[in-house]
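This report refers to the structure that appears directly beneath it.
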Amino acid sequence: MKLGWTPQQRALSHHYEQLARSAVAPRSAAHAATRQLDRLSWRELANQGFWRIPVPESRGGDGGTWWDFCAALEGIVRGSRDLGFCLSLIAHAGLLRAVVRHGDETQQHHLDRLMVGAVGATALTEERGGSDVARVSTTAHPVDGGHRLVGVKVHITNAPAADLIYVLGRVSGLPAKQDVTVFLVDRHQPGVRTGAAEEMLGNTSSPTGAISFDGVHLDPADILGVPGDGLSLTYDTITLDRLLYGVVGAAYLEGLLDDTLRFARGRTAFRQPITEFQYVQRRLTNMKLAIETTRWISYAALDRLLAEHPDAALMSSAAKLTGSESLAAAALDAMQVFGHAGYEEGDVSRAVRDSLGTLIAGGTSDIQRKNIFTQMIKKPVAVVPNRPVLAPLRAA
Ligand SMILES: Cc1cc2nc3c(=O)[nH]c(=O)nc-3n(C[C@H](O)[C@H](O)[C@H](O)COP(=O)(O)OP(=O)(O)OC[C@H]3O[C@@H](n4cnc5c(N)ncnc54)[C@H](O)[C@@H]3O)c2cc1C
């Protein structure tokens, strides 16, 4: 077992950190204010080969690993300090991996576009709910030569900027529970409309919005995997997304902790630096623990996912739950340490707002907990010979 980046991965991380620091960070506040995706930086990342990293050479990529991708992603998080922009990257990464894993040669053109700067979106949620994805009502109706897709998705990351959309829907005419299917829909096709960026509490540099499909024509090649496979394919897709929330959250908190430590060292109260106060120390150590627990549980989840281990989904939900809850708590800790300076409009208050979105995006905390429990309870309990389920209490 090796727990550390290779020199090449460290160099990759450094490269993308520099790039994000010079490209994303200076424009981040402006994009958050106008609720727009930073397409210029998006293109720059694509030009530098960011999206080619985890794609096999046989599919036009660089043949790297998802570890290499995470090293680069962490660099972008550290350099950009823009959580919203990074949520947009996560949405695209899930789609990219889904097309690599489940797409065939007729869908290679989608992969090619995703690697060179097209923006991807993963559309599961509908107005009547995002937690119960199996109940989606977006439907593909069979017609000569394919299907016509009808439905509306809401709260979709990247929707206002998307070029390619992963749509979870159903195929009418197939038996119930065997009809849920994933479609790859080109945003620029007739009948696809995207709404304006929603007004949200945070993460506004990641435009999130509605997408409607008004009889959109789909060819058979627009189905990812096979009809009826949509749920298992989607669970596989969100397993990566969820653990990436942890990877991103830990890297994001590093910068916030640095800022908070710097501030605390320079701030005095009662004629002492506030770092002398144990309550402040507790907040700072909480932030550090949030980074370490989130980071390592997320790496463990990625390891499980890549090994196709049966615990991958459980670990990924654990990474998402730990990552988002400790990120939100740590952002509040930072705000307390900064006092009013953290409550004013600025980096710290933005961190609080942005971190709260991670409790909902990618599935709520309660849904992660539900998923963890469902996976746990599925496992057979080991039978130990001669050991009753409840060991009798021994007399003292
Ligand atoms: C910043 C952001 C980005 C997003 N991006 C995307 C995206 O790219 N694609 C996409 O498809 N969606 C996206 N969403 C939507 C998100 O996935 C949903 O909001 C989320 O899954 C919850 O769905 P809901 O809001 O409809 O709440 P509901 O599903 O209506 O749930 C309401 C409440 O009931 C609880 N609940 C529901 N079922 C259960 C249960 N069985 N057990 C216990 N509690 C339960 C939930 O935890 C929640 O507290 C995004 C959301 C945000 C905030």
Side-chain angles (χ1 to χ4, degrees), residues 31-32 35-37 82-98 119-138 151-169 180 182-185 187 194-195 197-213 230-231 233-235 237-242 244-245 248-249 252 316-317 320-321 323-325 327-328 331 350-377:
H31 285 105
R35 302 205 298 269
Q36 281 179 334
L37 183 68
D82 184 334
L83 194 56
F85 185 74
C86 296
L87 296 194
S88 284
L89 297 178
I90 292 176
H92 187 95
L95 170 57
L96 183 83
R97 177 170 170 272
V119 176
T122 308
L124 316 178
T125 304
E126 299 181 354
E127 201 57 76
R128 73 179 185 195
S131 301
D132 191 359
V133 288
R135 290 193 63 223
V136 288
S137 63
T138 296
V152 180
K153 298 288 180 180
V154 293
H155 318 319
I156 307 305
T157 297
N158 294 344
D163 297 301
L164 182 67
I165 310 160
Y166 173 116
V167 182
L168 187 69
V180 180
V182 173
F183 308 97
L184 293 176
V185 181
R187 154 68 185 94
T194 55
E198 292 165 358
E199 290 186 32
M200 301 191 297
L201 177 65
N203 296 304
T204 48
S205 55
S206 172
T208 295
I211 311 176
S212 62
F213 307 98
L231 279 181
L233 213 143
T234 297
Y235 292 139
T237 301
I238 60 182
T239 298
L240 176 73
D241 290 23
R242 286 175 172 171
L244 288 181
Y245 277 85
V248 164
Y252 179 77
S316 158
S317 276
K320 166 72 172 53
L321 181 64
S324 55
E325 298 222 324
L327 173 63
R350 183 176 171 191
V352 172
R353 289 197 304 271
D354 289 356
S355 68
L356 292 176
T358 68
L359 299 169
I360 311 285
T364 63
S365 293
D366 293 345
I367 289 300
Q368 305 310 326
R369 206 172 277 281
K370 172 181 175 298
N371 189 32
I372 292 167
F373 184 74
T374 307
Q375 304 290 328
M376 281 165 58
I377 204 77

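Remember, it's 1-based here, ligands and their atoms both numbered in the order they're listed. We're numbering straight along the sequence, starting at 1. As a basis for the values below, the full set of heavy atoms in this structure was taken, side chains included, without hydrogen atoms, waters or symmetry mates.
Near K370, with a cut-off below 4.0 Å to any heavy atom, the atoms of ligand 1 are 40 (C), 41 (N), 42 (N). Heavy-atom contacts of I360 reach the following atoms of ligand 1: 16 (C), 19 (O), 20 (C), 53 (C) (cutoff under 4.0 Å). Using a 4.0 Å cut-off to heavy atoms of I156, the atoms of ligand 1 that qualify are 7 (C), 8 (O), 9 (N), 10 (C), 11 (O).
For atom 1 (C) of ligand 1, the nearest protein heavy atom (residue, atom name, distance) is A361 CB, 3.9 Å. Nearest protein neighbour of atom 30 (O) of ligand 1, counting heavy atoms only, is G129 CA, 4.2 Å. Of the protein's non-hydrogen atoms, D366 CB, 4.3 Å is the one closest to atom 43 (C) of ligand 1.
Within a 4.0 Å radius of atom 51 (C) of ligand 1, the protein contributes one or more non-hydrogen atoms. Put simply, atom 5 (N) of ligand 1 has protein non-hydrogen atoms near it, under 4.0 Å away. Contact annotation for atom 32 (C) of ligand 1: protein absent (non-hydrogen atoms, distance under 4.0 Å).
A donor-acceptor pair is defined here as one N or O able to donate and one able to accept, closer than 3.5 Å; such a pair exists between the side chain of N158 and the backbone of G120. Side-chain N or O atoms of T204 include one that pairs as donor or acceptor with a backbone N or O of A32 at under 3.5 Å. One N or O on the side chain of S316 and one on the backbone of T239 form a donor-acceptor pair closer than 3.5 Å. D354 places no side-chain N or O within 3.5 Å of a backbone atom of G202 that could act as its donor or acceptor partner. With hydrogens and angles ignored, the 3.5 Å screen pairs a side-chain donor or acceptor of K320 with a backbone N or O of T358. The closest donor-acceptor contact from the side chain of R242 to the backbone of S317 lies at 3.5 Å or more, if one exists at all. With T208 contributing its side chain and E198 its backbone, the two residues share no donor-acceptor pair below 3.5 Å. Panel note: side chain Q368, backbone G362; a donor-acceptor pair is recorded below 3.5 Å. Side-chain atoms of E127 never come within 3.5 Å of backbone atoms of V152 as a donor-acceptor pair (strictly under, hydrogens ignored).
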Chi angles and distances behind the side chain to side chain contact (heavy atoms under 4.5 Å, CB included) call for R35, E199 | CA-CA 8 Å; R35 302 205 298 269; E199 290 186 32; 3.4 Å; yes
Before giving the answer on side-chain hydrogen bond (donor to acceptor under 3.5 Å, both in side chains), spell out for S137 and R128 the whole-Å C-alpha distance, their side-chain angles and the decisive distance to 0.1 Å.
-> CA-CA 9 Å; S137 63; R128 73 179 185 195; 4.9 Å; no
Mind running salt bridge (Lys or Arg N to Asp or Glu O under 4.0 Å) on R97 and D241 for me, showing each step along the way?
-> CA-CA 10 Å; R97 177 170 170 272; D241 290 23; over 6 Å; no
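Of the polar atoms of T208, none of the N or O atoms is found under 3.5 Å from an N or O of ligand 1, judged by distance alone. Checked by distance only, ligand 1 and T125 come closer than 3.5 Å through their nitrogen or oxygen atoms. Ligand 1 has an N or O atom lying under 3.5 Å from an N or O atom of L124, backbone or side chain. Between D132 and ligand 1, no pair of N/O atoms sits closer than 3.5 Å.
For atom 24 (P) of ligand 1, the nearest non-hydrogen atom from the set G362, G130, A121 comes from G130. When H155, K153, R135, E127 are ranked by how near their heavy atoms come to atom 13 (C) of ligand 1, first place goes to H155. Nearest-heavy-atom check against atom 40 (C) of ligand 1 across T157, I367, V133 picks out I367.
Only backbone heavy atoms of T122 (N, CA, C or O) come within less than 4.0 Å of ligand 1; its side chain stays farther off. Only the side chain of T364 comes within contact range of ligand 1, with a heavy atom under 4.0 Å; no backbone atom does. The parts of S131 lying near ligand 1 are both backbone and side chain, judged by heavy-atom distances below 4.0 Å.
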